[in-house]
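Labels below follow one simple rule: chain letters A, B, ... track the order of the sequence lines, proteins then strands, and each chain is numbered from 1.
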Amino acid sequence: MPELPEVEVVRRGLESHALDRLITRVDVLHERPVRRDPAGASGFAASLIGRTFTAARRRGKYLWLPLSPASAASVSAGAAEEVPETGADRVDADALLGHLGMSGQMLVQPVGAPDEKHLRVRFVLEDGSELRFVDQRMFGGLSFSPGGAELPDEIAHIARDLLDPEFDRDEFVRRVRKRTSAIKRLLLDQNLVSGVGNIYADEALWRAGLHGERPGERLAATQVRELAAHAHDVMTEALAQGGTSFDALYVNVNGQSGYFERSLNAYGREDEPCRRCGTSMRRTSFMNRSSYFCPVCQKPPRTSR
DNA sequence: CGTTGCGCCTGTTAGC
DNA sequence: TGCTAACAGGCGCAAC
């Protein structure tokens with residue numbers, strides 16, 4: 001499932017292959033992926049036609065593509081709104097906001113490519129190629145974000161991610177140590193730090209030698225700081241491997257961990273030997289999902305199990 | 001406000 | 001063989 005490294009690979013692909021071509025048509029083939037757009041499927045499509053994607057940005061697992069201004073025709077077709085252009089502050093450009101959820105893909109396909117089974121939204125570009133949102137489970141989605149070019153309002157609550165140069169590690173440590181929740185839940189809390197999902201959370205915890213059910217407030221500052229460093233490192237390494245293989249037209253998101261899968265030390269390794277101490281790895285259910293850990297390297301807190 | 005649990009989705013696989 | 005149940009899990013939201 002796409003976490004930060006996978007989404008960053010997609011962002012880079014879009015930056016290389018989807019910008020600066022007029023959007024001539026938008027087909028919403030399933031309503032659900034645009035459920036977060038208040039204007040509905042038709043409003044969503046209408047907002048995008050006649051524009052171009054001008055950039056590809058990311059925060060955590062969210063992606064957004066800033067848009068060129070609406071054409072004069074579309075503007076006058078809409079209501080005669082008075083835009084308070086008071087001189088000093090200029091209105092931010094709009095954006096297409098997206099999340100891949102569990103199984104979302106953004107594909108750039110050439111003219112004539114057959115539709116994917118789970119094709120949900122199609123953007124036809126002026127050269128006939130298409131940007132496609134393909135999503136089997138539809139946990140992901142797209143929406144039009146008015147003025148969202150810099151940072152969409154819809155995701156203002158999402159914390160900076162570990163690869164963001166402005167991510168404040170000390171603040172993260174402070175906040176974690178005030179919370180009673182389990183450290184794994186905190187690592188997955190996109191309001192504290194974004195981009196970490198179930199797989200990289202388990203990997204970071206394994207590297208740090210911490211059990212995911214230990215309460216944040218019971219951890220030493222050093223432990224939390226090192227955990228953040230490990231999460232940063234494991235995602236950077238995954239990005240380096242995931243970023244190695246995508247060709248010109250296919251914006252790689254296979255929904256899997258890609259080439260990094262063979263490098264995983266915790267996730268999916270139930271009953272296999274811990275790569276540090278040889279003990280059989282365990283799997284438990286936590287927050288309605290699987291957690292993998294080494295019972296020796298990652299001692300559970302006394303209160304659990 | 002912090003904490004915790006749940007529903008949304010579809011396809012694959014395990015088990016009876 | 002054919003059915004059901006479990007599983008994959010990010011996110012927003014409800015309830016306390």
Quiz item: Is A:H30 touching bases, backbone alone, or none of the nucleic acid, heavy atoms closer than 4.0 Å?
Solution: nothing
Quiz item: Could you give the CG-to-C1' distance, from A:D135 to C:dA8, as a whole number of Å?
Solution: 13 Å
Practice problem: Using whole Å, report how far CD1 of A:I158 lies from C1' of C:dG12. | Solution: 10 Å
Practice problem: State whether a side-chain donor-acceptor pair under 3.5 Å links A:S129 with A:R21. | Solution: yes
Quiz item: Is a donor-acceptor contact shorter than 3.5 angstrom present between the side chain of A:R137 and the base of C:dA8?
Solution: yes
Quiz item: Is any side-chain N or O of A:S181 closer than 4.0 Å to OP1 or OP2 of B:dG2?
Solution: no
Self-check item: A:M287 or A:K178, whichever maps to the more 5' nucleotide of DNA chain B
Solution: A:K178
Practice problem: Under 4.0 Å between any heavy atoms, over every strand shown, what does A:Y62 touch: base, sugar-phosphate, or nothing? Just pick one. | Solution: sugar-phosphate
Quiz item: Would you say A:E217 has more than 12 foreign heavy atoms packed within less than 6.0 Å of its CD?
Solution: yes
Quiz prompt | Result of checking A:K299, A:K184, A:Q223 against A:R214 for side chain to side chain contact (heavy atoms under 4.5 Å, CB included) | solution = A:Q223
Self-check item: Side chains of A:E116 and A:Q109, donor plus acceptor under 3.5 Å
Solution: yes
Quiz item: Side-chain heavy atoms under 4.5 angstrom apart, residues restricted to Ile, Leu, Val, Met, Phe, Trp, Tyr: same cluster for A:F144 and A:V28?
Solution: yes
Practice problem: For A:N191 and C:dG12, give me the distance from atom CG to atom C1', rounded to whole Å. | Solution: 10 Å
Practice problem: Report the nucleotide, chosen from C:dG12, B:dG11, C:dG10, that has the shortest atom-to-atom distance to any side-chain atom of A:H157. | Solution: C:dG12
Exercise. Verify the contact: side-chain N or O of A:S103 to OP1 or OP2 of B:dT10, cut-off strictly under 4.0 Å; return yes or no.
Key: no
Self-check item: Whole-Å gap separating C1' (B:dC1) and CG (A:D189)
Solution: 13 Å
Exercise. Measure from the side chain of A:R283, starting at C-beta and using heavy atoms only, and say which of C:dG12, C:dG10, C:dC7 lies closest.
Key: C:dC7
Quiz prompt | Most 5' of A:R179 and A:H118 on DNA chain B, judged by nearest nucleotide | solution = A:R179
Quiz item: Considering heavy-atom distances to DNA chain C, does A:Y292 or A:E154 have its closest nucleotide positioned more toward the 5' end?
Solution: A:Y292
Pairs: protein N or O with nucleotides 14-16 of chain C N or O, under 3.5 Å:
none

Quiz item: Going by modelled atom types, is there a donor-acceptor pair between the base of B:dG5 and the side chain of A:R185 at under 3.5 Å?
Solution: yes
Self-check item: A:R59 CZ to C:dG10 P, straight-line distance once rounded to whole Å
Solution: 19 Å
Quiz item: For A:R289 and A:N198, does a side-chain donor sit closer than 3.5 Å to a side-chain acceptor?
Solution: no
Quiz item: Rounded to whole angstrom units, what separation is found between the CG atom of A:L188 and the C1' atom of C:dG12?
Solution: 15 Å
Self-check item: Spacing between A:N288 atom CG and C:dA6 atom P, to the nearest angstrom
Solution: 12 Å
Quiz item: CD1 of A:I155 versus P of C:dG10: gap in Å, rounded?
Solution: 17 Å
Quiz item: Which of parallel (below 30°), tilted (30 to 60°) and perpendicular (above 60°) describes A:F167 and A:F172?
Solution: tilted
Quiz item: Hey, does A:R175 reach any base, or is it just sugar-phosphate, or nothing, if we go heavy atoms under 4.0 Å?
Solution: nothing
Self-check item: Carboxylate-amine/guanidinium proximity below 4.0 Å for A:E15 and A:R11
Solution: yes
